[in-house]
Protein chains: 2
Amino acid sequence: MARKPTKSGKIRLTEVAKLAGVSPITASRFFRNPDALSLAKRERVDSAVKELGYVPNLAARALASHRTEVIGVVIPSLTNSVFADVLRGIYDSSEQSRYSIQLTNTRYSILQEEKMLRLFRAQKPAGLIVTGINQTAESRAILETMDCPVAQIMEIGDSPVDMMIGFSHYDAGFAAISHILEQGRRRIGFLGARMDPRVQRRFDGYRDAMKAASLFDPNLVVTTTVPTTVTLGGTLFADLIAKTPDIDAVFCVNDDLALGVLFECQRRQISVPGEMAIVGFNDLEFMASAVPSLTSVRTNRYEMGRHAITMVIDAIEGRRPREPVLDLGFQLMIRESSTPQTA
Amino acid sequence: MARKPTKSGKIRLTEVAKLAGVSPITASRFFRNPDALSLAKRERVDSAVKELGYVPNLAARALASHRTEVIGVVIPSLTNSVFADVLRGIYDSSEQSRYSIQLTNTRYSILQEEKMLRLFRAQKPAGLIVTGINQTAESRAILETMDCPVAQIMEIGDSPVDMMIGFSHYDAGFAAISHILEQGRRRIGFLGARMDPRVQRRFDGYRDAMKAASLFDPNLVVTTTVPTTVTLGGTLFADLIAKTPDIDAVFCVNDDLALGVLFECQRRQISVPGEMAIVGFNDLEFMASAVPSLTSVRTNRYEMGRHAITMVIDAIEGRRPREPVLDLGFQLMIRESSTPQTA
DNA sequence: CAATGCGATGGTAGCGCTGTCAATAATTGT
DNA sequence: ACAATTATTGACAGCGCTACCATCGCATTG
C-alpha cells in the first residue's frame, strides 16, 4: 500500500506470478475466473497484485483472447438531451457489469456513423448499440458481419440487424394529433427542426392523422434542417403564424421548440391554451413546470437505454432474448397547454 | 449474434503484404507513415488492403507499439447540458485528428472517477481530459503517474496535474452578485442544487460579495444536494420565499433553476423583474428567449472543450504549451430579468 | 571516381497475455 | 481400498503487429 506507483517498473503478470509462487497462467486465471483457484493461491496472487501495484495490459489481453469488455454506443448527438437520458439508462445498468462503455457521436451524419463503425470493427467490441435504422449500406454491412450482439435503439422497424429497442414515432405523432383533434382544434400547425429520420416519421404521423380528418394543409407545416433550439421554436412559430394566421394549435417535434413557441406566445400576448394549443414531444422535465404546463409525448428513454444494454450484455453471455424486437411505447402527457382553460 | 458472412478467413497484415508483394513491415508503414513508401508500393498496398477488406487489429497495434490513439475524457454527467457543450468542442477538434475520444461519466462520484481512471490507466490512452480539481488522493496519484498529457477542465486552481483549462467560479459568482447589487437590490437569495465543488465555489463568491456589502444573511440561502431540474428551481424558490418573504432578487447556480424560478413567479403572479430579479448561471440557449429574458453568466464551454483537446493533442505530439493554465473567463449577460422594467 | 549521405525496404524479435490440453492432486462411489 | 471422477495447475505456442537496426541502391559531392 505504501509502495509508490512505479513510473519505470514494468510489472507484468509474470512478475506477479513469480512473487505469488504460481505459474503465469494461474495468475491470469485470478482475474478471469477467480473461483477456479484454490483459496490459498487466490490469496497469494491477490496480495502479490497489491504489493506490486500490477496493472493489467488490456491490449495484450485483447490480442490473446480475441475479446474485449467494451460495449460501443453510437448516438447522433450529445447536445440533444433526449440521448442523455438514454445514456443514463445505459450507464446505470452497465456499471454493475464487467463491461465498460465506449461512446461516440455522429452529429446526425450517417457518413460519420460509418466511420465510427469502421473504428469499432477494428476494436472488436463485445457488443454494440447504435441509434436508429437508417444506416448506409456499408454501415449495415459492417453491423451484419460484426461478430458481436448489436442493438438498434430509439425506434423500431422491419428487419433488425439483430436486436431492436424503441417505439413507433409514427404512432406517437399520430396519437398526439388525434388528441389535439379531439379537443376540437382544426388548424393544427406542424413545427419541425433537424428533420432526422425519426422526426420525419413523426411528421408522417401528423400528416396521416390530418389527412384522415381531411384537415391536412401544406400551409400548416414549417420545417427546417437546422438543429433545434428554444429560440428556433419562436422563430418557426413566427413564420408559421405569418403564413397561416388562423392556426389554433401547434404540434412541435420536440419540447425545446414547444417552449420557444410558448415564449413567443407570451411575447405576442397570444393566450395558451385559449387561442393556441401547444403540444411537444419527449416530455422533458421542464414541460410539467411551465406556465401553463405543456402537453407532450413521453418517450421511455431511460428504459430504452436500460433494456438495450441489458439485452446486449445478456446476448454476449449467451442469453439471447426470445423476442429480439422490444416496443417500449409512449404516453401522451396531457396538460394545460392543450386542454380547455380550467380557471 | 449478427450472423457471419462467408467464412472469409483471417486477413492479417501479412496477407496484405503478400498480395502487394512487399514485406509486412512495409505494409505496416503504409498505415503509420505512408509518405515513407515509394509511390509504387503505396499504391500496391492500398489496392491489396481494399481487395482483401483488411481491418487492422488495434489490440495488436497497441501491444506492439505501446501506444494507442485514444484520448480519454472523464466528466461528471451526461445529463447536465453544460458538459454537452464542452464535449461538442472536444469532438469538433478531435475529428480532424487521428485520435478518437473515449468518454466516461462519473455521476459526480469521485469514487466512480477513481474507478474510471484505473480503467484508463490499464488502457494506456494517448491523453486524458478530466473534470475539475477535486480528485481523490488515489486518483491524483494515477493522474500524476500516467504516462500521457493530462488536462483538467471546467475550473482553474493551484497545482495542476499537468494542464488546466477553465475559469474561476468564485469570480463568476462574485461578479453576478456585484451586478445585482448595482441594480439596487439588497435581499438577494441564493438557490443551489447538487452543490458539487464548482457550485460550492460559486456560493463562496456570492457569500463574499454579500459580506462585502454587509448584506449576507443565512436566511437568504437555500441549497440541496439533489440534482438540478427546472421543477426543483420552483420548489427551492418556494422554500426561500416562505423562509424569507422580503427577498428582491435570486441568484441561481444554474439556468435550469432560474427557469424554474421564473415559472414559479408566473404562477404566483410575482412580476419579474419588478418585484423579483432573477440571475442564472451558464447562459444556456433558452435564457435569451424567455419572457422576460433571463440574465446569466456565460461560460465558454465550447471553447473550453476545444482548447483542452487541442492542448492535449499538441502535447502528445511534443508541442507543449508554454503556459499550462488557461483561464477562459466568463461574461455577464445582462438581460431583462435583472434590470429596470423598460416598458 | 570513390566517398558520403539518405531514402526505401526487410529481417529479427518480441510486446504481455491467454487458449488449449495434458498432467497432477483431491475427492468420491461402491 | 481402488478405480473413476473432478478440481487445480502448468507447458507450450502463439495472437497480429511494430521497434530496432541492418541493408541496399541511388544521388550528391569534391
Side-chain angles (χ1 to χ4, degrees), chain A residues 6 8-46 48-49 52-70 98 119-126 147, chain B residues 8-46 48-49 52-70 98 119 121-126 147:
Chain A
T6 53
S8 53
K10 31 63 169 323
I11 311 284
R12 313 197 305 298
L13 201 47
T14 313
E15 276 71 56
V16 172
K18 202 167 294 168
L19 181 64
V22 299
S23 71
I25 190 69
T26 300
S28 168
R29 268 191 281 259
F30 170 78
F31 290 101
R32 289 174 294 138
N33 184 17
D35 295 335
L37 299 208
S38 65
L39 187 60
K41 304 230 164 175
R42 200 183 320 162
E43 284 171 349
R44 292 231 299 282
V45 176
D46 186 52
V49 165
L52 296 173
Y54 170 70
V55 176
N57 181 321
L58 262 33
R61 196 177 273 183
L63 179 59
S65 67
H66 303 280
R67 284 191 273 99
T68 63
E69 293 185 342
V70 170
R98 64 201 308 174
L119 184 64
F120 272 127
R121 180 177 52 178
Q123 283 185 184
K124 303 188 192 307
D147 189 25
Chain B
S8 48
K10 310 212 161 237
I11 312 288
R12 313 197 305 298
L13 201 47
T14 313
E15 276 70 54
V16 173
K18 201 167 296 167
L19 181 63
V22 299
S23 70
I25 190 67
T26 299
S28 168
R29 269 191 279 259
F30 170 77
F31 291 101
R32 288 175 293 137
N33 185 16
D35 295 335
L37 299 208
S38 65
L39 187 59
K41 304 229 166 179
R42 199 183 320 164
E43 282 171 350
R44 291 231 300 283
V45 175
D46 187 51
V49 164
L52 296 173
Y54 169 70
V55 176
N57 182 320
L58 262 32
R61 196 176 273 183
L63 179 60
S65 68
H66 303 279
R67 284 191 274 98
T68 63
E69 293 184 341
V70 171
R98 64 200 309 172
L119 184 65
R121 180 177 49 178
Q123 284 186 182
K124 303 189 192 306
D147 189 24

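Values reported hereafter were calculated over all heavy atoms of this structure, with side chains retained and with hydrogens, waters and symmetry mates removed. Just so it is clear: chains get the letters A, B, ... in the order the sequence lines come, proteins before strands, and each one is counted from 1.
- Applying the 4.0 Å criterion to OP1 and OP2 of dT9(D), one finds that Thr26(A) has every side-chain N and O outside that range.
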For nucleotides 22-27 of chain C, list the nitrogen or oxygen atoms of the protein found under 3.5 Å from its nitrogen or oxygen atoms, one pair per line.
none

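- Under the rule for a side chain to side chain contact (heavy atoms under 4.5 Å, CB included), the partners of Arg121(A) that lie at least two apart in sequence or sit in another chain are Arg118(A), Ile142(A), Met146(A), Val55(B).
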Self-check item: Nucleic acid footprint by protein, nucleotides 11-18 of chain D - heavy-atom cut-off 4.0 Å, B for base, S for sugar-phosphate alone
Solution: B--BBBBS

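- Atom CG of residue Asn57(A) and atom NZ of residue Lys124(B) lie 5.0 Å apart, to the nearest 0.5 angstrom.
- When the side-chain hydrogen bond (donor to acceptor under 3.5 Å, both in side chains) test is applied to Ser23(A), the partners found at least two apart in sequence or on another chain are Thr26(A).
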Please list each protein N or O that sits under 3.5 Å from an N or O in nucleotides 4-8 of chain C, with the distance.
none

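- The salt bridge (charged side-chain N to carboxylate O under 4.0 Å, His left out) contacts involving residues 14-24 of chain A comprise Arg12(A)-Glu15(A), where partners must be two or more places apart or lie in separate chains.
- Note that CG of Leu63(B) and CG of Leu63(A) are 5.5 Å apart. Values are rounded to the nearest 0.5 Å.
- In this view, Val49(A) and Val16(A), Phe30(A), Phe31(A), Val45(A), Tyr54(A) satisfy the side chain to side chain contact (heavy atoms under 4.5 Å, CB included) rule, not counting sequence neighbours.
- Using a distance-only test at 3.5 Å, with no hydrogens or angles considered, no donor-acceptor pair links the side chain of Thr68(B) to the main chain of Ala62(B).
- Annotation: salt bridge (charged side-chain N to carboxylate O under 4.0 Å, His left out) contacts involving residues 20-41 of chain B, sequence neighbours excluded, are absent.
- With sequence neighbours excluded, no residue satisfies side chain to side chain contact (heavy atoms under 4.5 Å, CB included) with Ala64(A).
- Atoms CG (Asn33(A)) and C1' (dT9(D)) sit 13 Å apart, rounded to a whole Å.
- In this view, Glu69(A) and Arg98(A), Tyr99(A) satisfy the side chain to side chain contact (heavy atoms under 4.5 Å, CB included) rule, not counting sequence neighbours.
- Summarising the geometry, the separation between NZ on Lys124(B) and P on dC17(C) is reported as 9 Å, rounded to the nearest angstrom.
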